[in-house]
Amino acid sequence: MKKISKILLMLSGVVLGAGLQSCISEEPFDSGRDASLTFRAEVKSDVITRAANVTNNAELREKCVVYIESSKGVIRKFIGLDNIPAAPLSLKQGHYVAEGWTGDSVSASFDKKFYRGYQGFELEAGENKEVKLTCNIANVITSVNPAVLDLNAKHVEVTFSHSRGSLAFNEENIADGKGYFMMPSTDSDLQYKVVVEKNDGSTIEREGKIEGVERAHEYVMNITADEGENTLGGGLIRITIEDIPVIEDVVEIYGRPTIMGEGFDLASQIVGDPAAAPGTSKAFTDKVVYMRAYDGISKAVLTFGQGFDNFLGTGSSSVDLINPEGITRAQLEDLGIVWDGPVMRAEESSEKTMQEMRVTFKKSFFDNLAENPEEYQLEINVLDEQKPQSKYQVMTLRIANTDDAVEVKAPVETIDAPNPETDPMGILAHTATLQGIVKDDAATDYGIRYRKLGDSEWIEIPANQTRASAGLRYSVTLTGLESGTTYEYKAYEANYDNCAVLRFTTEGEFSLPNASFEEWSTYSASTMLGTKNVALPWAEGNKDKSFWGSGNEGSATANLTLTDKSADMLHSGSYSARLESKSALGVLAAGNIFIGQYVKTDGTNGVLSVGREYNGSHPSKLKVWVNYRPGNGVTIKDSNKEFLPENFAGGSDHGQIYVALATEPIEIRTNPSNRKVFNVDDPVVLGYGEVTWTSAFGPDGGLAEVEIPITYFEQAKTKKATHLVVVVSASKYGDYFSGAAGSVMYLDDFELVYEN
């Protein structure tokens, strides 16, 4: 049952450390033309032969570390799968590798598992590509076939082990237990020991090994007796090992070298004692930098850059500690640079060997540097010996030995504004919620400053937090903004005002086309009784292009017009829309108007598409002027009683307006055999509001204003609406052919109101 192709990503805890300390760089702007990458990642956590379900384990998702690398090194890093942007990433054309890992890398455990993933891909200029990275189980897995419990033994114990850990199976965990091993670099085999205690008190013991174990494989031990089923009468047992691959395909890839400071952050500037007297040593101390690399370190190059003018005295600015040229080890030691190694180092999560070097920059190295108003920069470049292609890592040691050279660290930092695609409610038409991050526990009086692009004066909004702590994200909400306007903003602190200036643009407000129903036309529609002219609330007689639609096409078969212009009651202009429910051949047809279009007639039923594209904004309410007079003597179809209110028959009709924001147009069908009505719980609906009248509304002969608040659902926080829906009916239950003929509604001046 061995697989021909085995693929496994090697990303050890050491590589994790390297990634967290390494610089993340962008590709140079001249390295190629732009491409677009939509990137997704998942963790398959269930160990199932040749199948695995995508996990929703929040901890695994949160802990998952993902890198995207090019030939230049790491260019993107994400910690937590939910922090991978849904919006496409802009990258240069070229070859990339996505790597990821999560879980717990321990020697042996019954419950702690480790997952790795690797995906290489190419991006062509102008390409819009989707890539999904899957992190699969990376452990060697062991289990014992529960059939051993049927052998009538007094006690059974099976122990699997390698040089760094062991796991014991017995009656308590054999039935459903699995062991998860991370193999040390020095081990390729798993040892096992089987002890069976028979009912007479005698024991049978067997030891052995499973050779050449491989990750992402489950090794199932089968134990049978020598004298048939369910007996241990003799002294023999038979042991067989079944090797089961638990995932389909993986490739073997190992991380790049690690460069880290021992007891200090190599990414931070090294500064001596600021209290030292002028003209004296800055009281530096020894600093140790260690380097680790798979398959050996082939080069460990120190390049003396800014400030180090001919530091080596050789005419060269670089030296390879593995093979120094033009300078001796003793001369480097005189300069205050000493090193140990490289030496071999065992890694339990690695099938490869690893070498380590430790370089010590002595106190004398720092003390002998001339005082410099700029920082010194020493680049450390490590190249490994992996085949077929070696990998490198670069870090820079930065040294300040004067007050002028000391890096002023920002106590706060500006954070990018919410992305409208992934956080669509972060920036609205008149409000914006922005964040900063505290970098220093001593920060005081911090917040956000903002201004309209082009203005000179900043407006300051302090954060609500009263106590600072490094890593704290604080937020402020800006109000009173202008819609469709670009603003600048930056984080600030009482003693610091040099944070990055970023921008955001507020949502634009959306005006409903023909909201006052001043424009009307007709179009020709084919009906069972021939071609009919159909009234349309749009200047151009084309229902496909019209923002508004109605059921007039369906009622045209019976020579009825349910919705038309009217000058009888107005709020502004020359016309309003008049909706009237009518009866034809004993069937009610509701007067209606909606954003969308009438698609077709299905027998005597209608198919509608409600919703038109709009700008994706977030109005607070829908406002409209209305007069409604319900008809009396409601008639209903008996087959639809279950969908209607009790005591509806014979009473007054109900009128309704509802508004929704959705991610796609919504189909409505009135045919009972495939009926589909609007469902506010449909996941495509992100926001909703409605008003229903069960009696007359508005003064006689006039219109009254109605405001319909819109409630946004949880999914609106992560999804952007693309379609606006408004549906109005003089008979709310017209979809069920129920209501009262003579129900009349007048509408004028629809408006979306933006309060936020």
Side-chain angles (χ1 to χ4, degrees), residues 14 17-18 21-22 256-273 276 279-346 353-386 390-402 405:
V14 167
Q21 297 293 338
S22 298
R256 60 183 62 248
T258 304
I259 307 173
M260 296 184 71
E262 186 171 84
F264 72 99
D265 183 2
L266 191 55
S268 298
Q269 191 181 58
I270 297 175
V271 181
D273 182 3
T280 65
S281 165
K282 278 291 186 178
F284 287 94
T285 58
D286 291 359
K287 296 293 182 184
V288 177
V289 175
Y290 65 82
M291 313 159 188
R292 293 171 182 165
Y294 289 110
D295 283 350
I297 299 174
S298 64
K299 290 186 177 182
V301 179
L302 305 182
T303 299
F304 297 86
Q306 179 175 290
F308 289 98
D309 295 333
N310 196 24
F311 178 78
L312 297 174
T314 63
S316 173
S317 62
S318 298
V319 60
D320 182 1
L321 300 183
I322 300 296
N323 186 26
E325 293 183 2
I327 190 170
T328 66
R329 186 174 186 131
Q331 288 173 317
L332 287 170
E333 291 178 355
D334 288 342
L335 293 173
I337 302 172
V338 299
W339 67 95
D340 299 321
V343 296
M344 302 309 299
R345 182 179 185 274
T353 58
M354 176 175 283
Q355 281 191 339
E356 179 178 277
M357 283 185 66
R358 294 168 57 85
V359 181
T360 301
F361 296 92
K362 305 289 288 182
K363 180 181 185 302
S364 60
F365 166 79
F366 298 103
D367 289 346
N368 289 332
L369 297 177
E371 291 194 353
N372 194 333
E374 294 184 324
E375 70 176 12
Y376 287 85
Q377 295 181 356
L378 193 166
E379 183 179 273
I380 305 170
N381 191 321
V382 178
L383 185 70
D384 64 26
E385 294 185 345
Q386 292 192 61
S390 59
K391 293 187 176 183
Y392 71 91
Q393 186 66 270
V394 179
M395 292 293 289
T396 300
L397 196 70
R398 300 182 300 120
I399 307 158
N401 65 356
T402 65

Backbone N or O of [Y] within a donor-acceptor pair of the [X] side chain at under 3.5 Å?
X: Gln355; Y: Ile297; answer: yes
X: Asp295; Y: Asp384; answer: no
X: Glu374; Y: Gly307; answer: no
X: Arg398; Y: Ala267; answer: yes
X: Asn372; Y: Thr402; answer: no
X: Asp286; Y: Lys362; answer: no
X: Ser298; Y: Glu385; answer: no
X: Thr360; Y: Val288; answer: no

4.5 Å side-chain heavy-atom contact, [X] and [Y]:
X: Ile327; Y: Ser316; value: no
X: Leu312; Y: Leu335; value: yes
X: Phe361; Y: Ile399; value: no
X: Leu397; Y: Phe304; value: no
X: Thr285; Y: Phe366; value: no
X: Ile380; Y: Val359; value: no
X: Thr314; Y: Glu325; value: no

[X] to [Y] - nearest heavy-atom pair and separation:
X: Val271; Y: Phe284; result: C-CE2, 3.7 Å
X: Ala300; Y: Met357; result: CB-SD, 3.9 Å
X: Met395; Y: Leu266; result: CB-CD2, 3.8 Å
X: Tyr290; Y: Gly261; result: CE2-O, 4.3 Å
X: Ile259; Y: Gln393; result: CD1-O, 3.4 Å

Could you measure the distance from the [atom1] atom of [X] to the [atom2] atom of [Y]? Nearest 0.5 Å is fine.
X: Asn401; Y: Glu375; atom1: CG; atom2: CD; result: 11.0 Å
X: Ile270; Y: Leu378; atom1: CD1; atom2: CG; result: 9.0 Å
X: Glu262; Y: Lys287; atom1: CD; atom2: NZ; result: 11.0 Å
X: Arg292; Y: Met260; atom1: CZ; atom2: CE; result: 8.0 Å

Q. Side chains of Glu379 and Gln377: is there a donor and an acceptor less than 3.5 Å apart?
A.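 Absent: no donor and acceptor within the cut-off.
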
Q: Kindly indicate, with the supporting measurements, whether the criterion side-chain contact (heavy atoms from CB on, under 4.5 Å) is fulfilled by Leu332 and Leu321.
A: CA-CA 9 Å; Leu332 287 170; Leu321 300 183; 4.1 Å; yes

Q: Give a yes or no on whether the ring-centroid distance for Phe365 and Phe311 is below 6.0 angstrom.
A: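 Yes: the rings meet the under 6.0 Å criterion.
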
Q: With sequence neighbours excluded, give me every salt bridge (charged side-chain N to carboxylate O under 4.0 Å, His left out) pair touching residues 329-338.
A: Arg329-Glu333

(Q) Does Asn381 form a side-chain contact (heavy atoms from CB on, under 4.5 Å) with Thr303? I'd like the steps, not just the answer. (A) CA-CA 8 Å; Asn381 191 321; Thr303 299; 6.0 Å; no

